[in-house]
**Q** 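Provided herewith is a single structure, encoded as structure tokens, for subsequent inquiry.
Quick note on labels: first sequence line is chain A, next is B, and so on, each numbered from 1. On a predicted model such as this, the values are computed, not experimentally measured, just so you know. All heavy atoms count here, side chains included; hydrogens, waters and symmetry mates do not.
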2 protein chains.
Amino acid sequence: MKTQRLSAIRDVVASSPVASQDELRRKLRRRGIHVTQATLSRDIHELRLSKGPGGYVLPNGNGIHASAEDDGPPSFEEMLESFGLRVRQAMNQVVVSTVLGGAQPVAAALDRVGWPEVVGTIAGDDTVLVICADQRKAGDVEDRIRTLLES
Amino acid sequence: MKTQRLSAIRDVVASSPVASQDELRRKLRRRGIHVTQATLSRDIHELRLSKGPGGYVLPNGNGIHASAEDDGPPSFEEMLESFGLRVRQAMNQVVVSTVLGGAQPVAAALDRVGWPEVVGTIAGDDTVLVICADQRKAGDVEDRIRTLLES
DNA sequence: ATTTGCGTTGCATACTTATTCACCATTATT
DNA sequence: AATAATGGTGAATAAGTATGCAACGCAAAT
């Protein structure tokens with residue numbers, strides 16, 4: 001529940017200006033997430049967001065995973081956790097939006113997991129385009145990624 | 001007087017962590033600058049400092065930026081005007097060709113305008129791939145971009 | 001000299017954010 | 001099973017920040 005909320009917070013903050021924790025609370029409520037300002041204060045601290053003239057802002061470059069241990073290449077799930085913002089489907093494609101600079105590592109991780117539905121990926125700076133064989137498979141992939149995003 | 005104070009603020013913030021405006025006030029007082037928290041609030045806004053988990057932070061990472069005005073990001077229209085060459089549609093995608101090196105800024109500007117038909121964009125050096133939800137919407141987007149291009 | 005306009009500031013206060021405390025649920029530990 | 005430790009939460013409130021307002025100083029215009 002909490003991780004899902006944290007993910008939603010990053011999403012909201014990345015996609016629209018958020019001037020206060022109370023505004024964030026209202027925006028989350030529209031997504032069915034209902035918490036108090038106190039909790040958001042704690043979440044924001046945990047996500048290491050900072051507040052400037054334009055509202056809340058994601059940490060620079062956004063290295064959320066500062067883990068000391070390195071168990072080989074990071075998993076797709078970890079990558080999504082760190083960089084993923086949202087996912088949308090279009091026809092036989094799936095578009096994953098990420099934090100700026102996050103697209104390449106996310107795409108690389110997705111390539112590594114080797115889902116059979118995925119024909120290939122292309123990554124820009126903050127967008128990964130995932131090509132699937134057909135629309136149905138793209139839907140499956142979108143669902144799976146969304147589940148990971150919200151976990 | 002004021003500019004001197006702003007300079008001192010940048011200096012203090014750059015050289016030691018500052019957790020609150022009142023702490024900043026005390027540190028400035030040691031330098032012979034005596035102002036109230038209210039004024040510091042205004043100064044901080046003007047300097048565009050932001051406050052994160054570690055206290056106040058300069059805008060540019062190093063912040064020799066002072067209080068220069070920024071016109072905000074250029075519009076999509078301006079970007080197209082500057083870099084756009086031609087636009088073509090393919091299925092649910094729209095391909096915008098640009099001058100070499102123009103794809104990234106054009107894509108960034110297109111992302112910022114936030115057209116709902118656009119699921120995502122990916123940019124190379126001179127080509128922007130715009131993903132739309134379906135073929136029809138791609139047609140709409142192509143028309144709109146073409147209109148801008150030809151205006 | 002007086003007026004006018006603008007910029008800066010402090011005070012008081014409204015607004016926003018962080019923290020303390022109590023409570024509850026879940027997960028070890030004995 | 002009972003107890004303790006851990007972690008998440010809301011309510012209340014403390015701590016911190018922004019702002020309306022009035023006052024002041026200065027410089028240009030009258």
**Q** Do NZ/NE/NH1/NH2 and the carboxylate oxygens of A/Glu142 and A/Lys137 come within less than 4.0 Å?
**A**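 No salt bridge links A/Glu142 with A/Lys137.
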
**Q** CD of A/Gln21 versus C1' of C/dC15: gap in Å, rounded?
**A**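 Atom-to-atom, A/Gln21 to C/dC15, this comes out as 12 Å.
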
**Q** State, to the nearest 10°, the angle formed by the axis through the first five base pairs of the helix from C/dA1-D/dT30 to C/dT30-D/dA1 and the axis through its last five.
**A**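 It comes to 20° between the two terminal axes.
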
**Q** Just checking B/Ser20: base, sugar-phosphate only, or nothing, at a heavy-atom cut-off of under 4.0 Å?
**A**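 The answer is sugar-phosphate, as B/Ser20 gets under 4.0 Å only of primed atoms, P, OP1 or OP2.
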
**Q** Summarise protein proximity over nucleotides 5-11 of chain D in one line of letters, 5' to 3': B for base, S for sugar-phosphate only, - for none, counting protein heavy atoms closer than 4.0 Å.
**A** ---SBBB

**Q** Return the polar atom pairs (N/O with N/O) between nucleotides 23-27 of chain D and the protein under 3.5 Å, or none.
**A**
none

**Q** Only counting residues at least two apart or in another chain, list the ones meeting side-chain hydrogen bond (donor to acceptor under 3.5 Å, both in side chains) with A/Arg42.
**A**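 Not a single residue meets the side-chain hydrogen bond (donor to acceptor under 3.5 Å, both in side chains) criterion with A/Arg42.
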
**Q** Any pair with a residue in residues 113-122 of chain B that passes side chain to side chain donor-acceptor pair (under 3.5 Å), sequence neighbours left out, goes on the list, sorted by first then second residue, please.
**A**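 Sorted result for residues 113-122 of chain B: B/Asp111-B/Thr121, B/Glu117-B/Arg144.
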
**Q** Whole angstroms only, please: what is the NE2-C1' distance between B/His45 and C/dT9?
**A**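 Distance check: B/His45 NE2 to C/dT9 C1' gives 17 Å.
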
**Q** Without decimals, in angstroms, what is the distance between B/Ile44 CD1 and C/dT16 C1'?
**A**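 Whole-Å distance recorded here is 15 Å.
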
**Q** With a 3.5 Å cut-off and sequence neighbours excluded, list the donor-acceptor pairs that the side chains of residues 85-94 of chain B form with protein atoms.
**A**
from: B/Gln89; atom 1: NE2; to: B/Met91; atom 2: O; distance (Å): 3.1
from: B/Gln89; atom 1: NE2; to: B/Gln135; atom 2: O; distance (Å): 3.0
from: B/Asn92; atom 1: ND2; to: A/Gln93; atom 2: OE1; distance (Å): 3.0
from: B/Asn92; atom 1: ND2; to: B/Cys132; atom 2: O; distance (Å): 2.9
from: B/Gln93; atom 1: NE2; to: A/Gln93; atom 2: OE1; distance (Å): 3.1

**Q** Between D/dA15 atom P and B/Asp22 atom CG, what is the distance in whole Å?
**A**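 Rounding to the nearest Å, CG of B/Asp22 and P of D/dA15 are 12 Å apart.
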
